[in-house]
Amino acid sequence: MCGIVGLMANEAVNQSIYDALTVLQHRGQDAAGMMTWDDGRFLLRKNNGLVRDVFHTRHMKRLKGNLGIGHVRYPTAGSSSEAESQPFYVNSPYGITLAHNGNLTNSDQLQQELFSSDLRHINTTSDSEVLLNVFAHELGKQGLHLTPDDIFDAIRRVHRRCSGGYAAVAIINGFGLVAFRDPHGIRPVVYGTRETPAGHDVMIASESVALDVSGFELVRDLAPGEAIFVDMDKNIHTQQCADAPRLTPCIFEHVYFARPDSMLDGAYVYGTRMQMGRKLGDRIQREWPDHDIDVVIPIPDTSRTTALELAQHIGVTFREGFMKNRYIGRTFIMPGQTQRKKSVRQKLNAIASEFEGKNVLLVDDSIVRGTTCKQIIQMARDAGANKVYFASAAPPVRHPNVYGIDMPVAGELIAHGRSDAEVGELIGADRLIYQDLEDLKNACREVNPALDDFDCSVFDGRYVTGDVDDAYFAALQAARSDAAKLKRESVNAVVDLHNDSEDD
């Protein structure tokens, strides 16, 4: 999962892009990058690390111009070396830079086509570089002088060639700012405007919070398959570029990834998480009416809204039982089981008085590997809890994600091939309550009834692009298992020792 932002303004864009990337930091903590355009020249800064660590004053001074794009990244199948950080750039045609959120499910096939037919070389393992080169190749067919229709025609051919979930933002040298969304609308992207004395500015981003922080007004989400082009006079052009678009957004954005103050596809994430709490409460009252829960405690931070609503719904006291160290990254996106185990204890500390002698219901957004919740349950027992129950705002995660979320191969998912009772026993809970999948969908629909269907592949194994088979999963296992990641990390560590730059 990554975060993207693009901005065309009447003033320097570097600070506003920096601010937007900061509020999108939750979408990726591995690397950050920014490319600005100034009078025909592209200016780039990118590196591994958090936004605040990648961009220093000396870098910001060099990032001149009123047009730019930015990116925060965490790796899925690709490497986490500095070379994989975004934005990427190609000089032909025109000069194009692109940042991408998502995953192309036919990336290997496209890379072969780019080499053998399009005569383009891919220098990294990133599918974002593949997407950029496909876009560049299709755009090059349009000739020297581009019109908005030329750009939309190129994007139409990109959609026909590329499969998967993706949202991308790009700059075409001398022409303007472009963004497009996959035909299923799996990955989110919004745009907004800001009025200034010199005219209006346009921002495109993964989530609406990136617009809020710089005073932009949300216009709307891009529709599935839709593209937006902002020309050098800041005129906004939009067009549907997919042959058969259908909105099936990733429901895990509402469960975990997106900030609660974001609006995605017309639904406030805060509202959908409140509804998840009510649905969980209904399930408890229906299936466990004689429960003996004394207190409901969230696992900070993403489950807090759900836990509070659940507690109110079943008439049980809500308490904060864990204090979070906010200087530790999200354990879900850390690249190794040993590191994930270590970070949970560093990240959370229990308030003993909230647990001692009580029957506690812990609420989390989801259970993926089971690493985090198992340790948290033990922390609750160590703090004196009498019984520890566990509720997940999401259904059991039993299938890998192939559209840009680093959910591991099936064998590393604790719920894969196991019953709910078996998972509860493995994590050490006295009782485990999962959200029902239909209830999860309805939690989002009740906030925005226009949301008809979703990508729920991690829960139901139904991949909406229809091109995922056993061979794909075999390749996925080779690329995304913990063992494969640790091997890549060790190689990258050696490479980085030889490539340290005095600019860092």
Side chains of [X] and [Y], heavy atoms from C-beta outward: is any pair under 4.5 Å?
X	Y	value
Phe473	Val409	no
Phe318	Arg304	yes
Cys2	Arg73	yes

Rounded to the nearest 0.5 Å, what's the gap from [atom1] on [X] to [atom2] on [Y]? Could you check?
X	Y	atom1	atom2	answer
Asp30	Asn47	CG	CG	10.0 Å
Leu432	Leu426	CG	CG	10.5 Å
Ser366	Asp364	OG	CG	6.0 Å
Thr105	Tyr166	OG1	OH	9.5 Å
Leu247	Phe454	CG	CZ	8.0 Å
Met263	Asp265	CE	CG	10.5 Å

Would you find a donor on one side and an acceptor on the other, under 3.5 Å apart, between the side chain of [X] and the backbone of [Y]?
X	Y	value
Thr306	Arg273	yes
Ser16	Val13	no
Thr238	Ile228	no
Thr248	His184	yes
Arg445	Asp452	yes
Asp455	Cys250	no
Asn103	Val402	yes
Gln435	Leu440	no
Arg45	Val54	yes
Arg246	Pro183	no

Shortest non-hydrogen separation from [X] to [Y] and the atoms involved:
X	Y	answer
Gln240	Ala223	NE2-CB, 4.4 Å
Tyr74	Gly404	OH-O, 3.9 Å
Ile186	Thr465	CD1-CG2, 4.2 Å
Asp53	His56	O-NE2, 2.9 Å
Gly281	Leu310	N-CG, 4.1 Å
Ser128	Leu98	O-CD2, 3.9 Å

Between Lys347 and Phe322, is NZ or CZ placed under 6.0 angstrom from the six-membered ring centre and within 45° of the ring axis?
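Because its charged atom misses either the 6.0 Å distance or the 45° angle limit, Lys347 does not stack over Phe322.
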
Take Lys46 and His71 through the test side-chain contact (heavy atoms from CB on, under 4.5 Å) and record every step on the way to the result.
CA-CA 9 Å; Lys46 62 179 181 177; His71 187 264; over 6 Å; no

[X], [atom1]: over 12 other non-hydrogen atoms inside 6.0 angstrom:
X	atom1	answer
Tyr268	OH	no
Asp470	CG	no
Gln285	CD	yes
Arg52	CZ	no

Mind checking whether Phe252 and Phe459 have parallel, tilted or perpendicular rings, split at 30° and 60°?
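Phe252 and Phe459: tilted rings.
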
So which pairs with a foot in residues 366-391 pass ring-ring contact (aromatic ring centres under 6.0 Å, His included), sequence neighbours left out?
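Every ring-ring contact (aromatic ring centres under 6.0 Å, His included) pair that includes a residue of residues 366-391, provided the two are not neighbours, is Trp288-Tyr389.
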
Could you list the residues that satisfy side chain to side chain contact (heavy atoms under 4.5 Å, CB included) with Asp294, not counting sequence neighbours?
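Per chain and number, Asp294 pairs via side chain to side chain contact (heavy atoms under 4.5 Å, CB included) with Lys358, Asn359.
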
Residue pair Ile433, Glu287: steps toward the side-chain contact (heavy atoms from CB on, under 4.5 Å) verdict
CA-CA 10 Å; Ile433 304 102; Glu287 299 180 2; 5.9 Å; no

Does anything in residues 414-430 pair up under salt bridge (Lys or Arg N to Asp or Glu O under 4.0 Å), and if so which pairs, sequence neighbours excluded?
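Listed by first then second residue: Arg381-Asp430, Arg398-Asp420.
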
Run through Glu438, Glu309, Glu446 and flag the one making a salt bridge (charged side-chain N to carboxylate O under 4.0 Å, His left out) with Lys279.
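Of Glu438, Glu309, Glu446, salt bridge (charged side-chain N to carboxylate O under 4.0 Å, His left out) with Lys279 is met by Glu446 alone.
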
Before you tell me yes or no, could you show the steps for Asp453 and Arg462 under salt bridge (charged side-chain N to carboxylate O under 4.0 Å, His left out), namely the whole-Å CA-CA distance, both residues' side-chain angles and the distance that decides it to 0.1 Å?
CA-CA 12 Å; Asp453 200 4; Arg462 184 175 68 91; 3.2 Å; yes

Among Glu129, His100, Met35, find the one that has a side chain to side chain contact (heavy atoms under 4.5 Å, CB included) with Gln86.
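Of all the options given, the one that passes is His100.
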
State whether Asp439 and Arg283 are salt-bridged, where the test is any N-O pair (Lys NZ or Arg NE/NH1/NH2 against Asp/Glu carboxylate O) under 4.0 Å.
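Salt bridge absent between Asp439 and Arg283.
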
For Ser107 and Asp127, test the side chains for any donor-to-acceptor distance below 3.5 angstrom and give the result as yes or no.
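Per modelled atom types, Ser107 and Asp127 side chains form no pair under 3.5 Å.
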
With no hydrogens and no angle check, just 3.5 Å: does a side-chain donor-acceptor pair link Tyr256 and His26?
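Tyr256 vs His26: no donor-acceptor pair found between side chains.
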
